[in-house]
Amino acid sequence: MSACNHYMKLIFSLLAIMCLVACAGQETETQQPEDMIISVDFLERHLCSRVSPEITVAYAPKGTKFYDVRLVEQGETERFMGGGSWPEDGSGLIPEGALTRHYQGPCPPKNKRTEYAFIIAAMEKENSQPLAVRLYKFVPEDD
């Protein structure tokens, strides 16, 4: 066998290994992300309202039993605007109106940009450290 053929086989083998590694990497890219993802369906009817919006939690940590949710107005000082708890039933859905602990929806003054945030904590049990905490920041739109 000539040296040229030997090198060609070696190069072909290396390319085959690189392809296998690349394919294995693609499989892990389609796996579930490790971070909890929050989406909020905030509508105009939730402004200045005691009815909270629907919140969806994706990829909650394993062991999550319930969500603790708080709404805060962000500014020079943070102002607590209520919240509540909701059990994790596997759907990741916190339905509209579920937050009942002194909840008052955002009610920004006219023509003033006001920032708010939902703080969502995935909890395993009462009085424990959260498994994960995410902020969902938003500014209600003026119409």
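Throughout, residue positions are numbered sequentially from 1 according to the sequence presented. Computed from heavy atoms alone, side chains included, the values below leave out hydrogens, waters and symmetry copies.
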Report the C-alpha separation of D35 and Y59 in whole Å, then their side-chain angles, then the decisive distance to 0.1 Å, and conclude whether the side chain to side chain contact (heavy atoms under 4.5 Å, CB included) test is met.
CA-CA 7 Å; D35 290 338; Y59 310 115; over 6 Å; no
Heavy-atom closest pair, residues F66 and P87
CB-CA, 3.9 Å
Closest contact, heavy atoms only, Y103 versus L99:
CB-O, 3.4 Å
Let me confirm one number: the CD-CD distance from E115 to E78, rounded to the nearest 0.5 Å.
10.5 Å
Should V72 and I94 be counted in the same cluster of Ile, Leu, Val, Met, Phe, Trp and Tyr side chains packed under 4.5 Å apart?
no
To the closest 0.5 Å, what do you measure between CD1 (I120) and CG (D68)?
10.0 Å
How many angstroms lie between NE2 in H102 and CZ in R50, if you round to the nearest 0.5 Å?
9.0 Å
How long is the straight-line distance from CZ of R79 back to CD of E73, given to the nearest 0.5 Å?
4.5 Å
How long is the straight-line distance from CG of L93 back to CD of E88, given to the nearest 0.5 Å?
10.0 Å
Student check: side-chain heavy atoms of P109 and T114 closer than 4.5 Å:
yes
At their closest point, which heavy atom of P95 faces which heavy atom of S52, and how far apart are they?
O-OG, 4.4 Å
If you measure from the Lys or Arg side-chain nitrogens to the Asp or Glu carboxylate oxygens, is any gap between E96 and R45 under 4.0 Å?
yes
Closest heavy-atom pair and its distance - Y67, G92
OH-CA, 4.3 Å
Shortest non-hydrogen contact from A117 toward F138
N-CE2, 4.3 Å
Going only through I, L, V, M, F, W and Y residues with side-chain contacts under 4.5 Å, is there a path from M123 to I55?
no
Of all heavy-atom pairs linking V51 and H46, the shortest is O-CD2, 3.3 Å
Kindly say whether I38 contributes a backbone atom to a donor-acceptor pair with the side chain of R134 at under 3.5 angstrom?
no
Give the cluster check for V69 versus Y116: same hydrophobic cluster or not, with ILVMFWY residues linked at side-chain heavy-atom distances below 4.5 Å.
yes
NZ-CG distance between K125 and L131, expressed to the nearest 0.5 angstrom:
10.5 Å
Do I119 and V40 land in one hydrophobic cluster if side-chain heavy atoms of ILVMFWY residues count as linked below 4.5 Å?
no
